[in-house]
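What follows is one structure encoded as structure tokens, with my remarks underneath.
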Amino acid sequence: MIHSFFGGVYPATRKGNTRRKPLSRLSQPPKEIVIPLIMCADGPSTPMVSPGDSVTVGQPVARRGETGAAAHSSVSGRVAAIEKRPHPWGGLSSAIVIHNDDRNELYQGRLAPLDPRQLTLEQLVERVEAAGVVGMGGGCFPTWEKLARSAGKIDTLIINAAECEPYVTADYRLLLERGEHILRCAQVLAVHLGCERVVVVTEGDKLSAVEAVERRLRRLHRVRVQIIAIRTRYPLGAEKQIIQTVTGREVPPGGSPLHVKCAVFNVATVFAIHDALFQGWPLTHRAVTVTGGAVTRPRNLWVPIGTPLRSLLEACGGLREASDRMLTGGPMMGVALQNLDAPVTKDTNSLVCLTDWEHKPETPAGVCIRCGKCVAACPMHLPPTFIRRALEEHDVEKLAKYHLEDCNSCGCCSFICPAQIPLVEAVSLARAVLRREGVGK
Ligand code: SF4
Ligand code: SF4
């Protein structure tokens, strides 16, 4: 049975430009790749190479220290520098810069593929950690940790292919083209996590992916995975909303999916786990959608992690008209880019270059007309307009009662507000105020 979640909005999906474009490799490999030491929400990784060292494809170049995740070279060549470079999350970050020698030499110390019939939970967790897999849907949390925490504590495993952000189709193409690997891996994960139900969730407008996955399911004996397509409503792909839709269970304020016996893994993460376990291959490449009205030939690309975003745009014929807003991650929750010098990181699913007719022009915020639309749209039951007012009045006591830690920055409130009040920013600021006052997360 399909349930529903509270709130949400219906932005134009605008996926038509890339939906039918298969994942393809760059015809011109990047001359230089940049591996930021911050690619994990846990904190920075520790470099294992120095300038001048030779590296091969798949070779570890950074390890998890107290924080972070392992990172691997996605090309063969020479380490040119470890220096500050632009990061797609904003600002500068220390990064390993590698000059590509175009030889594509593979790392000799590559880990052996594991036999799914002999696999233990310890091996699974260890391998996923060694492969540097993190949540590739935007969370960037270390996947090994999530697996270890979920084992024996969940009854439902959800594979998230909902991809509800407008424009982005990278996960859709991955499910369509590599569905068999994803389904097999989902089944293996379910066995080791000890859960009975495995559900792949996609949006209702992606029926070709559903049909392809169902065809594969019929061919794969003994794989018991359910696939469901749900009518498109943003933010279906957010963790708490997808859980509520699949199970009817609501994650309590401040709680995690484990509180309701669920674990959610992005479809790209599951594919990366598959490669790590059964190919012995660390996370070095990912699917990225390059699109938006300003892009000459929008495409879905399969690219080495560390490729500068500029190279992706060049592979799509560059800009056909000026873009006044370039983002990674989509227009609802994406991060605006100052320039395209930043590289593809493990969570970069898209480069979206918008023209001025594709997004609301930046106009000064109007006055709240108390329509209540932001409250009705908030999927986390928060009252954005009241939060903003409490923030303006610096009423910390009131702010502390609003469960601001539940805000997932989905952007529904700002999107729906007829007065164009930047409510997401107000809620983030309110959270910062609470943190400063020592009363929030
Ligand atoms: S308050 Fe947060 S969770 Fe609610 S709609 Fe706004 S951004 Fe989304
Ligand atoms: S949607 Fe905008 S105008 Fe309407 S109540 Fe919320 S803040 Fe006020």
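The figures here come from the full heavy-atom set of this structure, side chains too, leaving out hydrogens, waters and symmetry mates. For ligands, and for the atoms within them, numbers begin at 1 and follow the listed sequence.
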What is the ring orientation for His274 with Phe271, classed by angle as parallel under 30°, tilted 30 to 60°, or perpendicular over 60°? parallel
Quick test: of every protein heavy atom, which one is nearest to [atom], and how far off is it to 0.1 Å?
atom                    : value
atom 4 (Fe) of ligand 2 : Cys371 SG, 2.3 Å
atom 5 (S) of ligand 2  : Gly372 N, 3.2 Å
atom 2 (Fe) of ligand 2 : Cys417 SG, 2.4 Å

Summary of ring-ring contact (aromatic ring centres under 6.0 Å, His included) pairs that have at least one residue in residues 372-392, sequence neighbours excluded: Phe6-His381
In plain terms, say whether [X] and [Y] are close enough for a salt bridge, that is, a side-chain N and a carboxylate O under 4.0 Å apart.
X      : Y      : result
Asp155 : Arg249 : yes
Arg64  : Glu145 : no
Arg310 : Glu314 : no

Numbering as shown, the atoms of ligand 2 that approach Cys368 to under 4.0 Å (heavy-atom distance): 3 (S), 5 (S), 7 (S), 8 (Fe)
Aromatic Phe265 / basic Lys146 pairing, under 6.0 angstrom, 45° off normal: yes
Taking both backbone and side chain into account, is any N, O or S atom of Cys374 nearer than 2.8 Å to atom 4 (Fe) of ligand 2? no
Part of Arg370 within contact of ligand 2 (heavy atoms, under 4.0 Å): backbone
When Leu382 is tested against each of Cys407, Cys413, Pro253 for side chain to side chain contact (heavy atoms under 4.5 Å, CB included), which residue passes? Cys407
Point-to-point distance, once rounded to the nearest 0.5 Å, from SG of Cys374 to CD1 of Ile416: 9.5 Å
Which distance, rounded to the nearest 0.5 Å, do you find between the NE2 of His403 and the CD1 of Ile387? 11.0 Å
With a 4.0 Å cut-off on heavy atoms, does Ile369 reach ligand 2? yes
Residue and atom, protein N/O/S, under 2.8 Å of atom 2 (Fe) of ligand 1: Cys407 SG
